[in-house]
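The next block holds one structure in the form of structure tokens; read it before the comments.
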Amino acid sequence: MLSPTGHHPWRLSVAPMMEWTDRHCRWLHRQLTRHARLYTEMVTTGALLHGDVARHLRFDPIEHPVALQLGGNEPRALALAARMGEVWGYDEINLNCGCPSPRVQRGAFGACLMEHPALVADCVRAMRDAVRVPVTVKHRIGIDRVEDYGFVRDFVGTVAEAGCEVFIVHARNAWLDGLSPAENRTVPPLRYAVVYRLKQDFPHLTIVINGGITTDAQVAEHLRHVDGVMVGREAYHNPWWLASWDATYFGDPSGRTLDRDAVEARMVGYMAREGPALPGGWYAIARHMLGLRHGQPGARRWRQVWSDHRWKYRPVHEVAERAQAALRGEALPLA
């Protein structure tokens, strides 16, 4: 299975991140890479079956290829939610089996599901029966302090028997007791070799690695062992890295012509268009591009303007002018 560029469709992707990878964040990311796969925040089955569907599923067509990540543990509900995602046009339905947050644990889904591989298999089977797009699973390499390879190997084997062909593996255990979600992203040790071993044991499956990946050198090394790499927080905090991905990983040099000013200008136009319909106005979108000038001279001053609540009710083009002046080291009057 190859993408239009002739590469594996899961070769490089941006991770689903709660409160971060909303449709506005994904719109920015798609300005920087045409080919990397994008993921929604986790959306629970309850939110779709009993809530505002459009708020959770609306996205811009430029976001393709884009995947919907679902949270839940009941096969019928997941099948219905997956079908809704397909109807809305998503290219993939992903089941979250890796989130360790207390809220998710109370709902008995996320990383908790790894303790019940037969149930996950039933969920995958129900979703696959409901949709034609790929159904994938994102999971951890273990639960709590037990570092037994057999646990994750058997999980993958059981779920694969239900027809899942793509596994996105966060290379840390999920410690369900005693750690916050943030600590779960840093405290449990990264064990990339476990993910490599899964690819060796299941060569017919697509194995994508996730966790602590921040450089091209790391991506290149991982691609020697697995089919794809998923980048999380670094993609959010340093989005300009994405501007090199198409040329580096997909053989498409068009991204080399990008420049930060042009991307910022497109974001300003997007904020002007989308902001009036949002409770927070354009200010609710601007937060996603605060890392756009990471490492540039004047970046701190530029970020301060875009994140300053004093300007949140001013026209976005006026704030953009002020931010550009700050980037150049100029000062504009406060009024």
Side-chain angles (χ1 to χ4, degrees), residues 1-3 7-16 36-37 39 67 69 92 94-100 110-121 123-125 128 134-176 179 183-235 249:
M1 178 174 22
L2 298 177
S3 72
H7 294 87
H8 199 291
W10 281 271
R11 183 173 176 82
L12 209 60
S13 57
V14 177
R37 208 166 187 88
Y39 284 75
Q69 186 183 69
E92 170 193 341
N94 177 262
L95 178 62
N96 185 320
C97 294
C99 181
C112 298
L113 285 174
M114 288 196 70
E115 297 182 294
H116 307 283
L119 173 59
V120 175
C123 292
V124 165
R125 193 174 291 109
R128 291 188 73 248
V135 174
T136 68
V137 170
K138 188 173 189 296
H139 61 94
R140 297 281 185 130
I141 57 174
I143 298 295
D144 296 320
R145 275 72 168 174
V146 178
E147 298 184 351
D148 174 20
Y149 173 71
F151 175 81
V152 67
R153 179 202 60 211
D154 293 348
F155 174 83
V156 169
T158 299
V159 178
E161 288 177 358
C164 183
E165 299 178 350
V166 180
F167 292 82
I168 302 164
V169 191
H170 188 151
R172 302 181 197 268
N173 277 31
W175 293 4
L176 301 180
L179 290 186
E183 290 169 329
N184 255 295
R185 291 190 293 268
T186 57
V187 175
L190 284 162
R191 295 187 291 139
Y192 295 132
V194 172
V195 188
Y196 299 167
R197 189 173 174 185
L198 284 172
K199 181 59 186 177
Q200 293 170 356
D201 287 349
F202 300 96
H204 60 291
L205 299 179
T206 292
I207 303 294
V208 179
I209 198 166
N210 170 233
I213 299 164
T214 61
T215 68
D216 284 317
Q218 289 175 309
V219 173
E221 174 60 22
H222 290 314
L223 287 175
R224 293 179 58 243
H225 302 278
V226 294
D227 301 294
V229 173
M230 174 177 277
V231 179
R233 301 172 75 79
E234 186 69 14
Y249 302 110

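Hydrogens, waters and symmetry mates play no part in the numbers below; they use all other heavy atoms, side chains included.
For the 3.5 Å distance criterion, the side chains of E92 and Y39 qualify, holding a donor opposite an acceptor. A side-chain donor from one of N94 and T136 sits under 3.5 Å from a side-chain acceptor of the other. Under the 3.5 Å distance criterion, with hydrogens and angles disregarded, a donor-acceptor pair is assigned to the side chains of H222 and Y196. A side-chain N or O of Y149 and one of D201 form a donor-acceptor pair less than 3.5 Å apart.
The minimum heavy-atom distance between L113 and F155, with the atom names listed, is O-CE1, 4.1 Å. Of all heavy-atom pairs between V152 and L198, the closest is CG2-CD1, 4.1 Å. Closest approach of T158 and P117 over heavy atoms only: CG2-O, 3.7 Å. The two residues F151 and M114 make their nearest non-hydrogen contact at CZ-O, 3.4 Å. Closest approach of A111 and L176 over heavy atoms only: CB-CD2, 4.0 Å. Heavy-atom minimum distance, A235 versus V231: N-CG1, 3.8 Å.
Looking only at distances, a side-chain donor or acceptor of R140 sits under 3.5 Å from a matching main-chain atom of G98.
Between E221 atom CD and T215 atom OG1 the span is 10.5 Å, to the nearest 0.5 Å. Taking CH2 of W175 as the start and CG of N184 as the end, the distance is 8.5 Å to the nearest 0.5 Å. Interatomic distance, L190 CG to R185 CZ, rounded to the nearest 0.5 Å: 13.0 Å. Here the CD-CG distance, from Q69 to N96, works out to 4.0 Å after rounding to the nearest 0.5 Å. In this structure, H116 NE2 and C97 SG are separated by 11.0 Å, a value rounded to the nearest 0.5 Å. Note: I141 CD1 to N210 CG = 11.5 Å, rounded to the nearest 0.5 Å.
Looking at heavy atoms from C-beta onward, H8 lies in side-chain contact with T206 at the 4.5 angstrom threshold. Taking the side chain as every heavy atom from C-beta outward, R125 and R128 never approach each other to under 4.5 Å. Counting heavy atoms from C-beta on, the side chains of R37 and M230 never come closer than 4.5 Å. Counting heavy atoms from C-beta outward, V208 and V169 have side chains that stay 4.5 Å or more apart. Side-chain contact between H139 and V156 is present, with heavy atoms from C-beta onward closer than 4.5 Å. In this structure, R191 and R172 have side chains that are not in contact, with every pair of non-hydrogen atoms separated by 4.5 Å or more. Between D144 and N173, the closest side-chain pair of non-hydrogen atoms is not below 4.5 Å. A 4.5 Å side-chain heavy-atom check between K138 and F167 finds every atom pair outside the cut-off.
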Give the intermediate values and the outcome of side chain to side chain contact (heavy atoms under 4.5 Å, CB included) for residues I213 and Y192. CA-CA 11 Å; I213 299 164; Y192 295 132; 4.1 Å; yes

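Under 4.0 Å is where a charged nitrogen must lie from a carboxylate oxygen, and between K199 and D227 at least one such pair does.
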